[in-house]
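As structure tokens, the structure follows; a few thoughts come after it.
Since the model is a prediction, treat every value here as computed from it, not as a measurement.
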Amino acid sequence: MTFLRRASDGAIHPGKMARRNAGAVMWGKRDDMIVHQTEPFNAEPPPAALAGLLTMADAFYSRNHGSIPEVDPSTWRLRVDGLVARELDLSLADLEERFPPRTEVATLACAGNRRAELMAVRDIPGQTPWGPGAISTAEWTGVRLADVLAAAGPASGAAHIAFGAPDVAQVADPPQPFGGSIPLRKALADEVLLAWSMNGQPLPTAHGGPVRVVVPGYIGARSVKWVHRITAQAHPSDNYFQTLDYRLLPPDADPTRPGEGFALGPMALTSAIISPDAGTSVAAGPTDVIGYAFAADGRTVVRVDVSRDGGQTWVQASVDDPAGPWTWQHWHATLDLPAGATEITARAWDDAGAVQPESPATVWNPMGYGNNSWPRIRVEVR
Ligand SMILES: Nc1nc2c(c(=O)[nH]1)N[C@H]1C(S)=C(S)[C@@H](COP(=O)(O)O)O[C@H]1N2
Ligand SMILES: [Mo]
């Protein structure tokens, strides 16, 4: 895939196939998974694996900042503390017995999804060159975070809910366990879950088993895996991944300077082309173009257009109805492709009338987050 060639840090190429597969196999992934890093494990599926509403566990992207911890479900405990009337110490059985179960189909996307297209504009050193596959959708089952918080009774000063996990990120400064927070208002929303099941199976270790947070509509980083502590507090989490990483900085900001820009939470409308595969060759004539679009934060994609000439002329795609408020939607269109080198691009609108920005250059930022510009792929038409 073309975007992998842009990797600055020892690009993955077919010569490293054996190692790629070893990383994928270790975490139960399909062996055509694109492994950006084996330790910590970071991998995305090939675009074709993103075609269904639900992403199978063996194709679901993996984003880790530290070693994946082995957490024993029988000894796992969740501590709820901070500005609450009653501190809680819950086992997995407590969660299952004391609160009503809730199932939600939700798309998770990393804020770094589609970063490779930003890196092509201007390099972003030290960051993973994610293609369009750092996004996946599953059916999550667990309990509402709101129900657990209600049992603890948030006190009047509580405004943020912070999550703690056991995996230590050496990349953080100083090295520390992963964590983050969401505003209390979001934490009390029905869609936010403490999930122990993914697509009807126990939550795999790699995806946060036994229990993870699922925050639909927010950047993936807030869906903290292996969560073992929930703290109600007046301020956002002081964890590195809330205060320094996962911030949107203005283009001219110094990424090493703390406090610039703002912490990301809700996601913005994005889309990608998943077929044809970028960089491949296709036969001239009518060609099906397939993609996903994700309005995020509870919105709906209402229109997608596709162009074979860089945006001079457009064909309206047909867009799947959303499976719920928290999922991506797939779209498809037929383009009549003339022979030669061709760029296919797309643009999506959400129900608030927001449309994707045209160019990655206008959304470029020093840490490479939130690229939601028009997706573009090149194919050779023969
Ligand atoms: N404990 C912990 N939770 C975490 C992370 C992590 O490194 N450690 N990565 C976060 C990020 S940045 C993303 S995008 C999602 C990825 O979830 P997945 O690996 O199940 O796809 O998990 C989030 N939760
Ligand atoms: Mo992420």
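- Note on V315 and V355: separate hydrophobic clusters, where clusters join Ile, Leu, Val, Met, Phe, Trp and Tyr whose side-chain heavy atoms are under 4.5 Å apart, directly or indirectly.
- In this structure a side-chain-to-backbone donor-acceptor pair under 3.5 Å is missing from D58 to K29.
- The closest side-chain heavy-atom distance from L95 to V148 is below 4.5 Å.
- When side chains are defined from C-beta on, L90 counts as touching F99, because their heavy atoms get closer than 4.5 Å.
- Contact check for W331 versus V301: no side-chain heavy atoms found under the 4.5 Å cut-off.
- Salt bridge R102/E104: present, at least one basic N to carboxylate O contact under 4.0 Å.
- Under 3.5 Å, the side chains of R308 and T342 contain no donor-acceptor pair of N or O atoms.
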Just do the ring-ring contact (aromatic ring centres under 6.0 Å, His included) check on Y61 and W27 with the steps written out, would you? CA-CA 11 Å; Y61 81 99; W27 299 110; over 10 Å; no
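- Heavy atoms from other residues, nucleotides or ligands lying under 6.0 Å from CD of E87 number more than 12.
- L108 is not listed as a side-chain neighbour of I135, based on a closest heavy-atom distance of 4.5 Å or more.
- Ion pairing of R144 with E191 is absent here, as no side-chain N (NZ or NE/NH1/NH2) approaches a carboxylate O to less than 4.0 Å.
- Annotation: R185, atom CZ; neighbour count of heavy atoms from other residues, nucleotides and ligands within 6.0 Å does not exceed 12.
- No donor-acceptor pair under 3.5 Å is formed between the side chain of E44 and the backbone N or O of I34.
- Between T327 and L53, the closest side-chain pair of non-hydrogen atoms falls below 4.5 Å.
- For an aromatic pair to be called close, the ring centres must be under 6.0 Å apart, and W314 with W374 satisfies this.
- Side-chain atoms of N239 come within 3.5 Å of backbone atoms of F241 as a donor-acceptor pair (strictly under, hydrogens ignored).
- Side-chain atoms of R229 do not come within 3.5 Å of backbone N or O of A165 as any donor-acceptor pair.
- Remark: the backbone N or O of G265 is not paired with any side-chain donor or acceptor of R222 at under 3.5 angstrom.
- With no hydrogens or angles considered, a side-chain donor-acceptor pair links D81 and T231 at under 3.5 Å.
- A donor-acceptor pair under 3.5 Å links the side-chain atoms of K225 to the main chain of R63, judged by distance alone.
- Of the possible donor and acceptor atoms, none in the side chain of T103 sits under 3.5 Å from a partner among the backbone N and O of P101.
- The backbone N or O of R122 lies less than 3.5 Å from a partner atom in the side chain of W364, making a donor-acceptor pair.
- Counting heavy atoms from C-beta on, the side chains of H228 and F163 never come closer than 4.5 Å.
- You'll find the side chain of T334 stays beyond 4.5 Å of the side chain of D336, heavy atoms only.
- At a cut-off of 3.5 Å, with distance as the only test, no side-chain donor of S91 or R77 sits close to an acceptor on the other residue.
- Put simply, V304 and V289 are part of the same group of oily side chains (I, L, V, M, F, W, Y) that touch within less than 4.5 Å, one to the next.
- Here CG of L50 is found 6.0 Å from OG1 of T55. Values are rounded to the nearest 0.5 Å.
- Between the side chain of S237 and the backbone N or O of Q242, no donor-acceptor pair lies under 3.5 Å.
- In this structure, the side chain of T128 does not engage the main chain of W130 through any donor-acceptor pair within 3.5 Å.
- The ring of Y246 has its center closer than 6.0 angstrom to the ring center of H65.
- Defined by atom type and a distance below 3.5 Å, a donor-acceptor pair is missing between the side-chain atoms of E358 and S373.
- A heavy-atom distance below 4.5 Å is not found between the side chains of P166 and P177.
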